[in-house]
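Remarks on the structure that follows.
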Amino acid sequence: MKTIYLDNNATTPVHPEVVEAMLTYYNTFYGNASSIHSFGRDVRKAMEEAREKIAGLIGANPDEIVFTSGGTEADNFALKGVAWASEKGGNHIITSAIEHHAIINSCQYLEKRGFDVTYLPVDKYGLIDPAQVKEAITNKTIIISIMLANNEVGTIEPIAEIGEIAREMGIYLHTDAIQAVGKIPVNVTELKAGLLSLSGHKINGPKGIGALYIKKGTRIVPFLHGGHHEKNRRAGTENIPAIVGLGKAAELAASQVKKKTKRLTELRDRLHKEITDKIDNVHLNGHPTLRLPNTLNLSFAYVEGESLLLNLDLKGIAVSTGSACTSGSLDPSHVLVAMGVDPVLAQGSLRFSLGPENTKKDIDTTVEYLLEAVEKLRKLSPLYSEKDENKPAKKRK
Ligand SMILES: *Cc1c(COP(=O)(O)O)cnc(C)c1O
């Protein structure tokens, strides 16, 4: 069966050029980057070249890039590193209600350790209001952490405006740019960010590698202790193959972002239009325009997202739902709840996240099976037949 992968916000296929670049660093150049001999020097050089490419992708200096074990560690490092380095009793953190759990759960942990956290609300599109960020600032605020783009609905936040406020007030701004990097242009100077997280496996690179951009002069304490790696900022023998892979992925992302944005937007909009042309009672979650080019989150009334997902999976199509299925109970997504989406509609949400390998044919096939699945499930839904007697899911022309 031909498979169609529409879950690129969960993870992406590793680009063949990335795999190729990595293999050499398993087979031939296996040295430890801390060694003084030629084996060490060779891999050190490769590591620094990768660092330059990653810095180049986000407009940073190579010195400001610290490699981590992934996006989760970068997020944890930013928050805990700045929190633990805070002086003079600063203990207040500002974040939003729609962050990834790597941020939300780090904040909840810090709350248990004596920090105060403000979780800012969002509007119905998932947008944060910079004026509310400003209002939330106190003389104890040490860091503001707001994501650049949301992973579930794709909404792009006004980070440059928030960065301006943070700068005026002398507070660090961290942005989780893990979903934005590679999909839209990202530049730390334009965003006025002091810290920025990115992750390899969201940009067609390997899993288990990421980076934290730390602007020169930022007060932050290390998260891992051991050797003098990463200029004493992150101990542990560097994962050279993964670092080389991340470097290659960054290089490819930098050269392809413009082309990719255009193509993905076209495909995504085709998917959206086809679905709303053919199926009634479909609602868009996320901002209509201030949104990642590859992301489409829709709620299908009268059906459960999970059932739709499983029906599509039977046809080899991979999407995801906004709800996390935990021990049989369906919790609606915290993002959709924060946006004020009706809990019932939130249960009927599906996220399609496209990648460069998707084609128009993939889109049309997906719509065909989706229509079939929605019709089947709505027939079984008492709410749907009560509401609208035997009305087919298909729109009448
Ligand atoms: C995937 C993701 C993370 C976690 O990154 P990992 O590399 O998987 O640990 C954090 N934040 C956002 C927005 C993400 O999409």
Side-chain angles (χ1 to χ4, degrees), residues 5-14 18 54 57-58 65-81 95-109 119 122 126-128 144-157 159 173-184 186 191 193 195-213 223-224 234 236 239 242-243 245-247 249-250 253 285-287 291-297 318-322 324 333-336 338-339 351-355:
Y5 187 72
L6 300 175
D7 203 10
N8 285 267
N9 288 11
T11 196
T12 57
V14 186
V18 170
I54 294 150
L57 177 64
I58 59 168
I65 302 295
V66 177
F67 293 113
T68 66
S69 68
T72 298
E73 187 190 316
D75 282 349
N76 273 260
F77 185 10
L79 286 174
K80 294 174 190 172
T95 188
S96 82
I98 61 157
E99 299 296 311
H100 190 272
H101 282 111
I103 293 291
I104 299 228
N105 290 348
S106 294
C107 284
Q108 286 181 354
Y109 163 80
Y119 300 89
V122 294
L127 275 177
I128 288 144
I144 299 166
S145 181
I146 306 282
M147 67 203 324
L148 180 48
N150 182 267
N151 45 305
E152 287 187 30
V153 296
T155 298
I156 299 169
E157 302 299 340
I159 295 302
L173 170 72
H174 167 251
T175 187
D176 174 342
I178 292 168
Q179 287 295 342
V181 169
K183 297 182 187 129
I184 56 172
V186 174
L191 294 173
L195 301 111
L196 179 146
S197 305
L198 60 90
S199 171
H201 76 102
K202 303 286 173 73
I203 59 167
N204 303 100
K207 291 172 183 65
I209 188 77
L212 181 64
Y213 155 77
F223 184 63
L224 285 174
R234 201 268 187 187
N239 183 353
I243 288 172
L246 177 59
N285 299 313
H287 197 280
R291 187 158 48 106
L292 289 175
N294 79 320
T295 306
L296 180 65
N297 187 313
V319 298
S320 84
T321 57
S333 130
H334 69 288
V335 175
L336 298 183
M339 287 162 56
R351 178 187 69 186
F352 306 86
S353 50
L354 281 52

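Predicted, not measured: the structure shown is a model, and the values here were computed from it. Every number for a ligand or one of its atoms is a count from 1 in the order of the listing.
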#### Entry: Any side-chain donor near an acceptor of the partner, His287 and Thr155, under 3.5 Å
no
### Numbered atoms and elements of ligand 1 in range of Gly71, under 4.0 angstrom, heavy atoms
5 (O), 6 (P), 7 (O), 9 (O)
### Message
Side chain, backbone, both or neither: which applies to Lys202 and ligand 1 if a contact is any heavy-atom pair less than 4.0 Å apart?
### Response
side chain
### Task
Taking only heavy atoms of His201 into account, list the atoms of ligand 1 that are under 4.0 Å away from them.
6 (P), 7 (O), 8 (O)
### Message
Here's a test for you: under side chain to side chain donor-acceptor pair (under 3.5 Å), which of Glu73, His100, His174 qualifies with Ser197?
### Response
His174
### Query
Taking the six-membered ring of Tyr109, is NZ or CZ of Lys80 closer than 6.0 Å to its centre and within 45° of its axis?
yes
### Query
Counting only heavy atoms, which portion of Asp75 has something under 4.0 Å from ligand 1: side chain, backbone, both, or neither?
side chain
### Task
Could you tell me which atoms of ligand 1, counted from 1 in the order shown, lie closer than 4.0 angstrom to a heavy atom of Ser199?
6 (P), 7 (O)
### Message
Give the atom numbers and elements of ligand 1 that come within less than 4.0 Å of a heavy atom of Asn151.
### Response
13 (C), 15 (O)
### Query
How far is atom 11 (N) of ligand 1 from its nearest protein heavy atom, and which residue and atom is that?
Asp176 OD2, 2.7 Å
### Query
Nearest heavy-atom pair of Pro206 and Ala242: which atoms, and what distance?
CG-O, 3.7 Å
### Query
For residues Asn9 and Thr295, is any side-chain donor paired with an opposing acceptor at under 3.5 Å?
yes
### Message
Heavy atoms only, cut-off 4.0 Å: how does Thr72 contact ligand 1, side chain, backbone, both, or neither?
### Response
both
### Message
Distance under 4.0 Å to a non-hydrogen atom of Gly70: what atoms of ligand 1 satisfy this?
### Response
7 (O)
### Query
Taking all non-hydrogen atoms of both residues, which atom of Pro13 and which atom of Asn204 are closest, and how far apart?
O-ND2, 2.9 Å
### Task
Mind checking whether Glu73 contacts ligand 1 via backbone (N, CA, C, O), side chain (CB onward), both or neither, at a 4.0 Å heavy-atom cut-off?
neither
### Query
Is any side-chain heavy atom of Ile156 less than 4.5 Å from a side-chain heavy atom of Ile184?
yes
